[in-house]
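One structure is given below, encoded as structure tokens.
Heavy-atom basis, side chains included; hydrogens, waters and symmetry copies ignored.
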Amino acid sequence: MELEEMQAVWSQMSDQIEKQKKLTDKMIIMMTQEQYRKKLNKIAYPEIIGAVICYSVAILILFNLEKLDNWYSLVSGLISVVALLVLPVLSLKWISKMRNINISGNSYKETLIEYTKGKQRFKKSMKLGYYLGFVLMFVIMPVSSKIIKGKDLFTETKSIWPIVIAIPLAIIFFFVFTKWVYKSYTGSMNSAEVLIKELEEKE
């Protein structure tokens, strides 16, 4: 085989190897995109379920406003509705933006910057959500008592002890539950971030 023929064959092989490498890198990025979305779905799906529950309860309260026949139960009802409508929006907005980051279309740096911004904003929305959730836990008590039992929690309750016992238990449950959710969500976000950082080697 002459030198020119050998060079042509070598050039052709090099082109094929390069094409194969690009195809492999593209497949890896696509697989990373899929795995990344699966990690964030562990946050998105519970948040969607939570949003459905929040909106359902808000609608239930609105359809039963006439049962809230004194000023404090009515005010509690309106505060509850606002909190139930705002809570899902806070988290779903940013988790949706993080989930829809186009890893395959962006550079590594662009992806990491976009992800980091989304993560920070999502964590801020989570904190605000916890504060709203804590307030909601108290204001919804007289509302639910009126709508479900038809009784005023403060004037028609025979004994104060159920309330005295229920409130500390509710607070303990709230803090344990929110701590578990925060830990779980942080784990999923960190796993997604690791997947993005692994792409630096492909740049």
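Side chain to side chain, Lys119 and Asn190 meet the donor-acceptor criterion of an N or O pair below 3.5 Å. Between the side chains of Asn64 and Lys67, at least one donor N or O sits under 3.5 Å from an acceptor N or O.
Connection of Tyr131 to Ile172 is not established within any shared hydrophobic cluster, with ILVMFWY side chains joined at heavy-atom distances below 4.5 Å, either directly or through further cluster members. Linking Ile, Leu, Val, Met, Phe, Trp and Tyr whenever their side-chain heavy atoms come within less than 4.5 Å leaves Met98 and Ile113 in two separate clusters. Note on Ile148: it does not cluster hydrophobically with Ile79, by side-chain heavy-atom contacts below 4.5 Å among ILVMFWY residues. Linking ILVMFWY residues whenever their side-chain heavy atoms come closer than 4.5 Å, directly or via other members, places Val139 and Val75 in the same cluster. A single hydrophobic cluster is seen to contain both Leu132 and Ile53, as judged by linkage of ILVMFWY side chains at heavy-atom distances under 4.5 Å, directly or through other members.
The CG atom of Leu92 sits 11.5 Å away from the CZ atom of Arg99 when rounded to the nearest 0.5 Å. Interatomic distance, NZ of Lys39 versus CG of Asn41, reported as 11.5 Å (0.5 Å rounding). Rounding to the nearest 0.5 Å gives a distance of 4.0 Å between CD1 of Ile43 and CD1 of Ile95. Interatomic distance, NZ of Lys124 versus CD of Gln120, reported as 6.5 Å (0.5 Å rounding). Note that the CG atom of Asn100 and the CG atom of Leu40 stand 9.5 Å from one another [nearest 0.5 Å]. Atoms CG and NZ, from Leu195 and Lys38 in turn, are 11.5 Å apart once rounded to the nearest 0.5 Å.
Side-chain contact between Ser76 and Phe138: absent, with no pair of heavy atoms (C-beta onward) separated by less than 4.5 Å. Using a 4.5 Å heavy-atom cutoff, the side chains of Lys97 and Arg121 are not in contact. At a threshold of 4.5 Å between non-hydrogen side-chain atoms, the residues Met126 and Thr178 do not count as touching. In this structure the side chain of Val57 reaches within 4.5 angstrom of the side chain of Ile140, judged on heavy atoms. Looking at heavy atoms from C-beta onward, Leu84 lies in side-chain contact with Ile61 at the 4.5 angstrom threshold. Put simply, the side chain of Thr186 reaches to within 4.5 Å of the side chain of Lys123, judged on heavy atoms.
Between the side chain of Thr116 and the backbone N or O of Leu112, at least one donor-acceptor pair lies under 3.5 Å. Checking side-chain atoms of Ser125 against main-chain N and O of Phe122 turns up a donor-acceptor pair under 3.5 Å. Between the side chain of Ser96 and the backbone N or O of Lys93, no donor-acceptor pair lies under 3.5 Å. A donor-acceptor distance shorter than 3.5 angstrom exists from the side chain of Asn70 to the backbone of Ser73, with no hydrogens or angles considered. Under the 3.5 Å distance criterion, the side-chain polar atoms of Gln33 are matched with a main-chain donor or acceptor of Ile101.
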Exercise for the section: Test side-chain contact (heavy atoms from CB on, under 4.5 Å) on Asp69 and Lys146 and set out the steps. Expected result: CA-CA 9 Å; Asp69 53 6; Lys146 267 286 186 182; 2.8 Å; yes
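Aromatic ring centres of Tyr130 and Phe174: separated by at least 6.0 Å.
Nearest approach of Ser80 to Val143, heavy atoms of both residues: OG-CG2, 4.1 Å. In terms of heavy-atom proximity, Val81 sits nearest to Ala58 at CG2-O, 4.0 Å. Of all heavy-atom pairs between Gly133 and Leu87, the closest is N-CD2, 4.3 Å. Summarising the geometry of Gly77 relative to Leu68, their closest heavy-atom pair is CA-CD1, 3.9 Å, with the distance given to 0.1 Å. For Trp94 against Gly118, the heavy-atom pair with the smallest separation is CB-O, 4.4 Å. For the pair Met137 and Ala170, the tightest heavy-atom approach, listed with the atom from each and the gap, is SD-O, 3.5 Å.
At most 12 non-hydrogen atoms from other residues, nucleotides or ligands lie less than 6.0 angstrom from CZ of Phe177. Residue Lys42 places its NZ atom among 12 or fewer non-hydrogen atoms of other residues, nucleotides or ligands, all under 6.0 Å distant.
The aromatic rings of Tyr36 and Tyr115 sit perpendicular, their planes meeting at an angle over 60°, well past the 30° parallel limit.
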